[in-house]
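Remarks on the structure that follows.
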Amino acid sequence: MVDPEQRRREVVEAVFRVVARGGIQAATLQHVAAEAGLAVGSVRHYFDSHAELLSAAAREMVHRVEARVLARLEEQSHGGDPHRFVETIASEFLPLDPARSDETAVWLEFSVAARTHPTLAAIAAELHDGLRDISGRLLRRLDVDDRVATEHLAAVLDGLALNAALHPDRLDPDTVRAVLRHHVAQLPGAGRDGGADAP
């Protein structure tokens, strides 16, 4: 017996791999089915349409990032240098390892497609608002409660993620970390402890 939810997750994973490699235009039912090792009819059994398949993959991306950030927030919730805390949580939105690089590539592809895809547009708006919610929560750890500062931090993260995804040879993970650290160090709050780099 095949667990339908497990099979759906396998198909969504296949979408991620196809999109990360070849862009959203490569995520046809045929390519996704081949990546998942299934017949096209089997994919259609779990997803009624190509639009539903893309929406499920975009939604799963949101859930992954959300779950990882919330776990980090829980781990880092007590004590410590608040600037280090902000760096650590903010870094979860950046392509600093292969998994996050793939997520960023998928995010970029879906964000561009959202301009003309109503269902994806709703999910892209959720990602946009979620990043700003987290940015605001992080800044409040530094006793900063300001809409413009929140938008500024979110814009820094968006810009770093976008440019690191488009130009990984020019903006490597060490440089991304350094830029994030430079920005966070200029924020108000408790003094920095000079600790190790954010992950």
Side-chain angles (χ1 to χ4, degrees), residues 1-76 88-131 133-134 157-158 160-169 171-173 176 198-199:
M1 296 292 292
V2 176
D3 179 356
E5 284 307 310
Q6 176 62 29
R7 184 52 56 81
R8 283 175 64 91
R9 283 193 296 272
E10 290 171 359
V11 174
V12 167
E13 290 283 348
V15 175
F16 282 168
R17 293 193 298 271
V18 170
V19 172
R21 280 199 313 267
I24 202 166
Q25 69 278 1
T28 63
L29 287 173
Q30 291 79 8
H31 287 164
V32 171
E35 182 71 25
L38 299 170
V40 172
S42 296
V43 174
R44 289 187 182 279
H45 177 73
Y46 297 102
F47 298 94
D48 290 337
S49 66
H50 185 242
E52 183 187 345
L53 176 61
L54 293 181
S55 297
R59 183 70 62 192
E60 175 62 19
M61 181 186 61
V62 173
H63 289 161
R64 282 186 182 191
V65 175
E66 194 174 67
R68 193 174 62 245
V69 168
L70 290 175
R72 281 287 204 170
L73 284 170
E74 183 63 26
E75 291 171 9
Q76 305 282 327
T88 299
I89 303 304
S91 69
E92 292 298 335
F93 294 96
L94 301 174
L96 299 177
D97 56 36
R100 282 179 283 183
S101 293
D102 283 350
E103 282 180 358
T104 302
V106 172
W107 161 75
L108 179 58
E109 289 291 331
F110 281 133
S111 295
V112 172
R115 192 176 65 84
T116 56
H117 192 302
T119 304
L120 292 180
I123 298 170
E126 185 178 330
L127 272 172
H128 179 278
D129 294 342
L131 178 58
D133 176 63
I134 293 295
L157 296 176
D158 275 340
L160 284 173
L162 172 64
N163 284 284
L166 293 177
H167 309 290
D169 53 333
L171 196 59
D172 58 81
V176 171

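- We find that Arg9 and Glu60 are not joined by a salt bridge, their nearest charged nitrogen and carboxylate oxygen being 4.0 Å or further apart.
- The side chain to side chain donor-acceptor pair (under 3.5 Å) test applied to His128 returns Arg132, not counting sequence neighbours.
- Of the charged side-chain nitrogens involved, at least one lies within less than 4.0 Å of a carboxylate oxygen, so that Glu10 and Arg7 count as a salt-bridged pair.
- Rounding to the nearest 0.5 Å places CZ of Arg64 at 9.0 Å from CG of Asp102.
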**Item:** Audit row: Ile134, Leu73, side chain to side chain contact (heavy atoms under 4.5 Å, CB included) steps and yes/no
**Value:** CA-CA 10 Å; Ile134 293 295; Leu73 284 170; 4.1 Å; yes
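- Residue Asp172 holds its CG atom at 13.5 Å from NE2 of His167, rounded to the nearest 0.5 Å.
- The two residues Val18 and Ala26 have their closest heavy-atom pair at CG1-O, 3.4 Å.
- Of the inter-residue distances, the one linking Glu92 atom CD with Leu70 atom CG reads 11.0 Å to the nearest 0.5 angstrom.
- Taking CG of Leu94 as the start and CG of Asp158 as the end, the distance is 9.5 Å to the nearest 0.5 Å.
- Of all non-hydrogen atoms in Ala56 and Phe47, the two that sit nearest each other are CB-CE2, 3.5 Å.
- Of all heavy-atom pairs spanning Leu160 and Val176, the tightest one is CD1-O, 4.1 Å.
- Of all non-hydrogen atoms in Ala14 and Val32, the two that sit nearest each other are CB-O, 3.8 Å.
- Within the 4.5 Å cutoff, side-chain heavy atoms of Arg100 are placed close to those of Ser91.
- At least one side-chain heavy atom of Leu166 sits less than 4.5 Å from a side-chain heavy atom of Leu108.
- Annotation for Arg17 and Glu35: closest pair NE-OE2, 2.7 Å, computed over non-hydrogen atoms.
- The minimum heavy-atom distance linking Ala27 with Leu54 is given by the pair CB-CD2, 4.1 Å.
- Under the 3.5 Å distance criterion, the side-chain polar atoms of Arg44 are left unmatched by any main-chain donor or acceptor of Leu29.
- If you take CZ on Arg68 and CD on Glu103, they are separated by 4.5 Å, rounding to the nearest 0.5 Å.
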Kindly list each side-chain donor-acceptor pair under 3.5 angstrom involving residues 109-116, sequence neighbours excluded, with atom names and distances?
| residue | atom | partner | partner atom | Å |
| --- | --- | --- | --- | --- |
| Glu109 | OE1 | Ile24 | N | 3.0 |
| Ser111 | OG | Trp107 | O | 2.8 |
| Ser111 | OG | Trp107 | NE1 | 3.2 |

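- Expressed to the nearest 0.5 Å, how far CZ of Arg8 lies from CD of Gln6 amounts to 12.5 Å.
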